[in-house]
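It should be emphasised that the depicted structure is a prediction, and the values quoted were computed from it without experimental measurement. Every heavy atom of this structure was used, including side-chain atoms; hydrogens, water molecules and symmetry mates were not.
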Amino acid sequence: MGAAEPEVERENGGVGMKENEEEMVKQNTTSSVGGGPRGAVAEEEMEQVTRDVEMGETRYLEEAAQAPPRLTQTDYHVSMLQRLNPTNPLRIAINGRTRVTTPSPAPAPAQTQRSVAPRSTPTPQQTIASLNSRDYTNKCSVFLFLLHMAVAIGLVCFLLFKGVQGFLQANSTVKIKEKRLLKYLLPQVEIASLLSVTLAFAWQKAVRHWPVLMVHVILWSTFIMSLSAGILLLCFQKPATDGVGVCFIAFSIGSGLYACWVSQRAKFCCKILVKSLEPVTKLPDINRPIYIMLGVGFLWMSLWILAVIGALNFYIPPLIIILLVLSLAWTTEVIRNIANITVSRVVALYYLRGMQASTQICFQRAVTLNLGSACLGSLFVPAIEALRIVARGLNLLEGEDEFMFSCAKCCLGVMTTIFRYGNGWAFVQIAAYGKGFVKASQDTWEMFEMQEMEPIVDSDITSSICFLTGVCSGSICVIVVAAWTFTVHKNYTATTSLLAFFIGYLMTRISMALPHACVSCYYVCYAENPQNRFFDDTIRDRQSLIKTGRDTVVPTPRVPGGRYARR
């Protein structure tokens, strides 16, 4: 920290006294800012802070730069930021800012240290260190995931080898079967992969540019597309396609009822989505991890499709295909949560510190330090969301009979524990502070309870919107692939339809990690600091409406008949 040439003025005094005072001011500035052991330590601390925060890859945004400067402890040695005594206006300009020294002509360093000692606020070094943790989280989960990936890669390579071996060395029957698979099944599934990537980018771009419109479009297009896919499969009049078509029609009916049920909550969801996507326009490279993860997912899915074809010519094909499906589901969920954690860290640093972090550095942290939490959360969060749906359904039926009431009570008791020790909101704290999954879940839910935000986050439908987007993409892939396959080889229609739906759903969920992470950061960072200047009165107004009974929520209560009764 350098100091400009001090400007010294005296009301009564000659030129000699003015020069003496200039020398004293220079000595005082040197001793308090950079001179002496105390000044050197302070300067080294500030340099270390600069190096620690994202390894020099962060910079303050224009909004943060325009905010009033905060007084750091090093600046405190230079100035108490008090107005000068009119009888002795002694001013020093440092780094373009006006710093004010104490009225004493030559204060001793010991006196300055004693005056600083009563300060109890944390230093910048302590605050930023909590955002720059270097600890690996959930190491056991990383080990299990890497072991699973080694087994999965080995199985895929083995099945590819068996497929090539059967094509080259097997008898004519096996060769004919494999040629048929490569000709009538592989092209459709690969086209489904390309179509799913295209739909993934299209959905995300549309949500970012027209969030209010797309919430309603997603709710009703999922109903229309899933219903159309079911009707198309029923029209083929084959037992396998009829079974799959009935499942699509049943889901479409449920999604239509859900769209009607959440119509009152869609307005608030649109408000939060618009507000949470505002930082995206100021973070130009925030979409880069989504591109990387979609590319990785597409490459792995292409190999996975070939492995499925090889499994059809191996022993116990149904069991092997089920194992491959489960492996792909976990792998793509980890890929999605890596992108989620990366985006969450960039957006959380924007909210908490007003700075633009390097997306590359945040991505490196996600795939190394926070990979364990991503793996553990990828196992439990989907199950938690499914259990959440079951709990809400039982909550609506708990008054029908005693059996339903006991089931609802048991399920809601389980939800009490689950939401405290595992929830999807934890990824924000994992990304920002490097916490483990369970610890981050506990701290996040405690913050929601302190701010009385449980009914708001319980009734949030952002995760449902992302889920329905994936279902809609999968249904579109089913319509395209099923119509194509039925014209070339009818026996493969049901198989290709299921594969196309699975691929379309997973790829779209990866791309929707961006809006989902932005909404999660908005809620969690607001709960941590509601007075932050980046937040407006949207959540506070919603809380006031809920408390006064002028707005309705459909919560998942922590305890049956507890503090959040159905309205």
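Annotation: salt bridge (charged side-chain N to carboxylate O under 4.0 Å, His left out) contacts of Glu278 (sequence neighbours excluded): Lys275. Residues passing the salt bridge (charged side-chain N to carboxylate O under 4.0 Å, His left out) test with Lys439 are Asp443, sequence neighbours excluded. Evaluation of the side-chain contact (heavy atoms from CB on, under 4.5 Å) rule for Ser441 yields Asn423, Ala426, Phe437 as partners, not counting sequence neighbours. Qualifying side chain to side chain donor-acceptor pair (under 3.5 Å) partners for Asp285, counting only residues two or more places apart in sequence or in other chains: Thr359. Residues satisfying the side-chain contact (heavy atoms from CB on, under 4.5 Å) test with His148, not counting sequence neighbours, are Phe145, Ala152, Ser327, Trp330, Thr331. Applying the ring pair (Phe, Tyr, Trp, His ring centres under 6.0 Å) criterion to Trp484, with sequence neighbours excluded, gives no partner residue. Residues that satisfy the ring pair (Phe, Tyr, Trp, His ring centres under 6.0 Å) test with Phe158, not counting sequence neighbours, are Phe314. Residues passing the side-chain contact (heavy atoms from CB on, under 4.5 Å) test with Ala527, sequence neighbours excluded: Met447, Phe448, Gln451, Met453. Shown here are the side-chain contact (heavy atoms from CB on, under 4.5 Å) partners of Phe161, two or more places apart in sequence or in another chain: Gln165. Residues passing the salt bridge (charged side-chain N to carboxylate O under 4.0 Å, His left out) test with Arg336 are Glu333, sequence neighbours excluded.
Annotation: the span from Thr485 atom OG1 to Ile191 atom CD1 amounts to 11.0 Å, rounded to 0.5 Å. We find the CG-OG1 distance between Leu371 and Thr137 to be 8.0 Å, quoted to the nearest 0.5 Å. Going from atom CG of Asn337 over to atom CD1 of Ile341 covers 6.0 Å, rounded to the nearest 0.5 Å. Summarising the geometry, atom CZ belonging to Phe298 is positioned 9.5 Å from atom CD1 belonging to Ile503; distances are rounded to the nearest 0.5 Å. For the atom pair CG (Asn370) and CZ (Arg365), the distance works out to 5.5 Å, reported to the nearest 0.5 Å. For the atom pair OH (Tyr184) and OG1 (Thr496), the distance works out to 14.0 Å, reported to the nearest 0.5 Å.
Inter-residue side-chain proximity for Gln429 and Val524 is flagged as met; some heavy-atom pair is nearer than 4.5 Å. For the pair Phe427 and Ser520, the minimum side-chain heavy-atom distance is 4.5 Å or more. When side chains are defined from C-beta on, Val457 counts as touching Trp445, because their heavy atoms get closer than 4.5 Å. Between Trp203 and Cys472, the closest side-chain pair of non-hydrogen atoms falls below 4.5 Å. Contact check for Gln188 versus Val488: side-chain heavy atoms found under the 4.5 Å cut-off. The shortest side-chain heavy-atom distance between Ile321 and Val325 falls under the 4.5 Å cut-off. No side-chain heavy atom of Leu257 sits less than 4.5 Å from a side-chain heavy atom of Trp261. Side-chain contact between Val347 and Ile286: present, with at least one pair of heavy atoms (C-beta onward) separated by less than 4.5 Å.
Listed here is the closest heavy atom pair of Ala513 and Ile290: CB-CD1, 4.3 Å. Ser141 approaches Cys375 most closely through the heavy-atom pair O-CB, 3.9 Å. Counting all heavy atoms, side chain and backbone alike, Leu185 lies closest to Thr495 at CD1-CG2, 4.2 Å. Minimum interatomic distance between Gly256 and Trp220 (heavy atoms only, all atoms of both residues): O-CH2, 4.1 Å. Of all the heavy atoms in Glu190 and Ile305, the pair that sits closest is OE2-CD1, 4.1 Å. Ala431 approaches Ser344 most closely through the heavy-atom pair CB-CB, 3.8 Å.
The environment of Ile316 atom CD1 is sparse: at most 12 non-hydrogen atoms of other residues, nucleotides or ligands sit within 6.0 angstrom. Within 6.0 Å of atom CZ in Arg208, more than 12 heavy atoms from other residues, nucleotides or ligands are found, so the atom counts as buried in its surroundings. Counted within 6.0 Å of CZ on Phe363, heavy atoms from surrounding residues, nucleotides or ligands total more than 12; the atom is thus considered enclosed.
Checking Thr222 against Ser255 by side-chain atom types alone, no donor-acceptor pair falls below 3.5 Å.
Between the His516 side chain and the Met512 main chain, no donor and acceptor come within less than 3.5 Å of each other. In this structure a side-chain-to-backbone donor-acceptor pair under 3.5 Å is missing from Arg420 to Gln442. Side-chain N or O atoms of Ser276 include one that pairs as donor or acceptor with a backbone N or O of Leu273 at under 3.5 Å. When atom types are taken as modelled, the side chain of Arg265 and the backbone of Ser459 share a donor-acceptor pair closer than 3.5 angstrom.
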Would Met355 and Tyr350 count as a side chain to side chain contact (heavy atoms under 4.5 Å, CB included) here? Give the steps. CA-CA 5 Å; Met355 62 178 64; Tyr350 170 83; over 6 Å; no
Please lay out, stage by stage, how Tyr522 and Val428 fare under the test side chain to side chain contact (heavy atoms under 4.5 Å, CB included). CA-CA 10 Å; Tyr522 190 88; Val428 179; over 6 Å; no
Yes or no on side chain to side chain contact (heavy atoms under 4.5 Å, CB included) for Ser511 and Thr508, after CA distance, side-chain angles and deciding distance? CA-CA 5 Å; Ser511 68; Thr508 302; 4.3 Å; yes
Kindly determine whether Met301 and Phe502 satisfy side chain to side chain contact (heavy atoms under 4.5 Å, CB included), including the steps that lead there. CA-CA 11 Å; Met301 207 162 287; Phe502 194 55; over 6 Å; no
Do any side-chain atoms of residues 194-202 form donor-acceptor pairs under 3.5 angstrom with protein atoms, and if so which ones, sequence neighbours left out?
residue	atom	partner	partner atom	Å
Ser196	OG	Ala192	O	3.2
Ser196	OG	Ser193	O	2.6
Thr198	OG1	Leu194	O	3.0

Table please: side-chain donor-acceptor pairs of residues 233-248 below 3.5 Å, with sequence neighbours left out.
residue	atom	partner	partner atom	Å
Thr241	OG1	Leu233	O	3.4
Thr241	OG1	Lys238	N	3.3
Thr241	OG1	Lys238	O	2.9

